[in-house]
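This report refers to the structure that appears directly beneath it.
Indexing begins at 1, ligand by ligand and atom by atom, following the structure's order. We count residues from 1, following the sequence as given. Note that these values count all heavy atoms, side chains included, but never hydrogens, waters or copies made by symmetry.
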Amino acid sequence: MDAPRLTSAERVVFPDAGITKGDVADYYRAVARWLLPELVHRPLSLVRCPDGIASHCFFQKHHAGALGEHVRAIRLQELEGEDDYLYVDDLAGVLELVQMNTLEFHVWGARVDDVEKPDRLVFDLDPDEGIAWNDVKSAARQVRDRLAHVGLRSWVRLSGGKGLHVVVPLRRSADWGQAKAFSDAFADAMVEHAPDRFVSTASKSARTGRIFIDWLRNARGATSVTGWSLRARAGAPVAMPLSWDELGRVRHPGAFDLRKAMRRARLLRRDPWTGLLRVRQTIPASID
Ligand code: ATP
Ligand code: MN
């Protein structure tokens, strides 16, 4: 592959951490082996920060302008009309998006060859301020156990922000309507079993002292940050896939920054999400 052009490599992107655009490109190159399996062939949304994280960043979900010759377009139906979305097949596409000052990569829970059939669900756990990290971890394990109870295996990742994502791979049989209905019912069941711990409505007041299970990530067109993506936040944190065993040893939600993630990429022997791509499971008919 010809290395895509990178301009302004010296420009500082994360001022607090002294990380430049060139460092960001080096990062994505270094973690490509672990990043690409989850990122490729899915409609993408981007967080782009042309002047670094201290200035204006914007969220982009449509293909527009000249993003790069390896950045693909796919025309998708929207509520009204249709529009071009973007995806990549390989590292060259990722690096072209880095050239366009992309820091974060968010993906659909479906692949471009069949966008109407989700191949995964994401339960995003958003803790209210003041909730201890250990309680967030045990909440994720409760979600895992309840999913297992209805026959679904799940995997976990640090969001790189405050919370955790529990991810459920699916065979592509149900449509988005079924995925959303199941996710809604599942979140309600979590709340019913532990009302002092979980809430499934987005209202701020209901969240006091609780963890919001955001099940609305499982709607057509919704996105979640992909594993190994940088976050456009102070310290250059990374959204990191973990094994459930590792989660027990992680001391805080921002445990992986760019440098630690690069080191992890180098030392990792196998994907912490091993098994996710092979498991064959479908949404159960009932959640009881
Ligand atoms: P945290 O642990 O801090 O909650 P997160 O990755 O779960 O991190 P956000 O980064 O806050 O959550 O993202 C919330 C959701 O909104 C995601 O589905 C993301 O794809 C989407 N999103 C993020 N930024 C924007 C934006 N500017 N406009 C529209 N949607 C966005
Ligand atoms: Mn979240």
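Between N101 and C49 there is no side-chain heavy-atom pair separated by less than 4.5 Å. Between K180 and L216 the shortest side-chain heavy-atom distance falls below 4.5 Å. When side chains are defined from C-beta on, N218 does not count as touching F186, because their heavy atoms never get closer than 4.5 Å. Between V115 and P43, some side-chain heavy-atom pair lies under the 4.5 Å cut-off. Between V191 and R210, every side-chain heavy-atom pair lies at or beyond the 4.5 Å cut-off.
Checked against the 6.0 Å centroid criterion, the rings of H62 and Y85 qualify as a close aromatic pair.
Using a 4.0 Å cut-off between charged nitrogen and carboxylate oxygen, E116 and R220 count as a salt-bridge pair. Comment: R172 does not engage D114 in a salt bridge, judged by the lack of any side-chain N to carboxylate O separation of less than 4.0 angstrom. Salt bridge D83/K61: absent, no basic N to carboxylate O contact under 4.0 Å.
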Report every pair formed by an N or O atom of ligand 1 and a protein N or O atom separated by less than 3.5 Å, giving atom names and the distance to 0.1 Å.
unit_1   : atom_1 : unit_2 : atom_2 : d
ligand 1 : 2 (O)  : S159   : OG     : 2.4
ligand 1 : 2 (O)  : K162   : N      : 3.0
ligand 1 : 2 (O)  : G163   : N      : 2.9
ligand 1 : 3 (O)  : K162   : N      : 3.3
ligand 1 : 3 (O)  : R233   : NH1    : 3.0
ligand 1 : 4 (O)  : D126   : OD1    : 2.8
ligand 1 : 6 (O)  : R231   : NH1    : 2.8
ligand 1 : 6 (O)  : R231   : NH2    : 3.2
ligand 1 : 7 (O)  : D124   : OD1    : 3.2
ligand 1 : 7 (O)  : H165   : NE2    : 2.8
ligand 1 : 7 (O)  : R217   : NH2    : 3.3
ligand 1 : 8 (O)  : S159   : OG     : 3.4
ligand 1 : 10 (O) : R231   : NH2    : 2.5
ligand 1 : 10 (O) : R233   : NH2    : 3.2
ligand 1 : 12 (O) : R217   : NH2    : 3.4
ligand 1 : 18 (O) : R217   : NE     : 3.3
ligand 1 : 18 (O) : R217   : NH1    : 3.4
ligand 1 : 18 (O) : T223   : O      : 2.3
ligand 1 : 20 (O) : H106   : ND1    : 2.7
ligand 1 : 20 (O) : T223   : O      : 3.2
ligand 1 : 20 (O) : T223   : OG1    : 2.6

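Protein N, O or S atom count below 2.8 Å of the Mn ion (ligand 2): the structure gives 3.
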